[in-house]
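In what follows, chains are A, B, ... by sequence order, proteins preceding strands, each numbered from 1.
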Number of protein chains: 2
Amino acid sequence: MLSKKTKYGIKALVYLAKKGDKLPVQTSTISESENISKKFLESILLTLKKNGILGAKKGKGGGYYLLKSPEEIQMTTIMRLLEGPIAMVPCVSLNYYERCDDCPDEDTCAVHEVMLKVRDSTLKIFRNTSLADLSDY
Amino acid sequence: MLSKKTKYGIKALVYLAKKGDKLPVQTSTISESENISKKFLESILLTLKKNGILGAKKGKGGGYYLLKSPEEIQMTTIMRLLEGPIAMVPCVSLNYYERCDDCPDEDTCAVHEVMLKVRDSTLKIFRNTSLADLSDY
DNA sequence: TATTACCCTATCGATTTAGTAGGTTAATAT
DNA sequence: ATATTAACCTACTAAATCGATAGGGTAATA
């Protein structure tokens, strides 16, 4: 299940991408437009900023803005930042790999095998989807 | 993230499928073989029984056994039973559909669109994977 | 009739989720 | 210079979920 955090984060990014220009937008503007709790959105935009997706400007006329063009921002990046691992099981995760302690052998694990397929197909979609693609709707 | 419940459930079903025959197997046998807490496994097997996947026999020599052949048991069925919806967002779920209260229009929602693609590709894999396929490893 | 193993209910600690509250800091406008 | 603005930071919370445990009831078998 996708967390609200990720969902809100994507919506906020799409909002910024749709604007076209790179002028800063205030948290409250996005929060009102997208029906997101302001304080919660604040924390989300902050992590996006800390991870090089957004820039921020303080004071009057300040706000957040995209640091790259929407075409350059991949879904994989957003998902990993906000949602965490894309894989359903840590033992098939590329960026967050972890061994299963109940599993004697990964190579002969049935769960491992299917989840690897699922990860691959999901990853393919996320890699082929940029913020620009999302904003086309 | 796949829950332990689902993971254990799959492992237990694979265990039963690999056996070949349809003789009842005790919970404790599976729990010891697959490193699963016995009581926890008990509740999992029970829900699988209640939903027509497993049969059960009480008393000495009793246990759980598959009601259908492994080829007839789809991953989609197991996943929906134990894990819940396959979709990452309720608004793209086939069996657990729910409207998003923060979303004015589903058809123009960017999140909706990508998650629909992800659901389709995941569903394709689960539909093409039976318990028999899982047991081939 | 005793044993076995499924079946049921309740509770638990730990973690995560989706916020809320309240303040600090830095940039802008007057 | 000073007031205002809006990003930034810290801490806390209610509710839900997860993984598991405890303790017994019930039906089938030997």
(request) Please report, rounded to the nearest Å, how far the P atom of C:dC7 is from the CD1 atom of B:Ile44. (result) 15 Å
(message) Given 3.5 Å as the limit, does a donor-acceptor pair link the side chain of B:Thr29 with the main chain of B:Val25, or not?
(response) no
(message) Once you apply a heavy-atom cut-off of 4.0 Å, does A:Lys7 come out as touching a base, just sugar-phosphate, or nothing?
(response) nothing
(message) Mind checking if B:Ser28 touches a base, just sugar-phosphate, or nothing, with heavy atoms under 4.0 Å?
(response) nothing
(request) Would you kindly give the CG-to-P distance between B:Asn51 and C:dC7, to the nearest whole Å? (result) 13 Å
(request) Tell me whether the OP1 or OP2 atom of C:dA5 has a side-chain N or O from B:Tyr65 closer than 4.0 Å. (result) no
(request) Can you tell me which residue pairs pass the salt bridge (Lys or Arg N to Asp or Glu O under 4.0 Å) test with a partner in residues 117-134 of chain A, sequence neighbours excluded? (result) none
(message) Less than 4.5 Å apart, side chain to side chain, heavy atoms only: is that true for B:Glu34 and A:Asp102?
(response) no
(message) I'd like to know if the side chain of B:Thr47 and the backbone of B:Ile44 have a donor-acceptor N/O pair within less than 3.5 Å.
(response) yes
(request) Taking ring pair (Phe, Tyr, Trp, His ring centres under 6.0 Å) as the test, write out the residues that go with B:Tyr97, two or more places apart. (result) none
(message) Taking atom types as they are modelled, would you say the side chain of B:Gln26 forms a donor-acceptor pair with the base of C:dC6 within the 3.5 Å cutoff?
(response) no
(message) In whole Å, I'd like the distance from the CD atom of A:Glu42 to the P atom of C:dA21.
(response) 13 Å
(request) Using the test ring pair (Phe, Tyr, Trp, His ring centres under 6.0 Å), find all partners of A:Tyr8 that sit at least two apart in sequence or belong to another chain. (result) A:Phe40
(message) Just the rounded figure in Å: distance from P of C:dT9 to CG of B:Leu46.
(response) 10 Å
Could you go over nucleotides 28-30 of chain C and give all protein N or O partners under 3.5 Å, atom names and distances?
residue	atom	partner	partner atom	Å
C:dT28	OP1	A:Lys57	NZ	3.4

(message) If I take atom CG in residue B:Leu16 and atom P in nucleotide C:dC6, what distance separates them, rounded to the nearest angstrom?
(response) 11 Å
(request) Sugar-phosphate atoms are those with a prime plus P, OP1 and OP2; base atoms are the rest. Using that split, label each nucleotide of nucleotides 11-20 of chain C B, S or - for protein heavy atoms under 4.0 Å, 5' to 3'. (result) -------SSB
(request) Tell me which nucleotide among D:dA7, C:dC7, C:dC8 gets nearest to the side chain of B:Lys49. (result) C:dC7
(request) Grab the CG-C1' distance between A:Asp102 and D:dG19 for me, whole Å please. (result) 12 Å
(request) Please examine the side chains of B:Asp21 and B:Tyr65, heavy atoms only from C-beta on, and report whether any two atoms are closer than 4.5 Å. (result) no
(request) Would you mind listing every salt bridge (Lys or Arg N to Asp or Glu O under 4.0 Å) that reaches into residues 61-82 of chain B, with sequence neighbours excluded? (result) none
(request) Return the value, rounded to whole Å, for the distance between atom CE of A:Met88 and atom P of D:dC18. (result) 12 Å
(message) Can a side-chain donor-acceptor contact be found between A:Ser3 and A:Thr6 if the only test is distance below 3.5 angstrom?
(response) yes
(request) Output yes when at least one side-chain N/O atom of A:Thr27 is less than 4.0 Å from OP1 or OP2 of D:dA7, else no. (result) yes
(message) Output the rounded distance in Å from CG (B:Leu54) to C1' (C:dA5).
(response) 15 Å
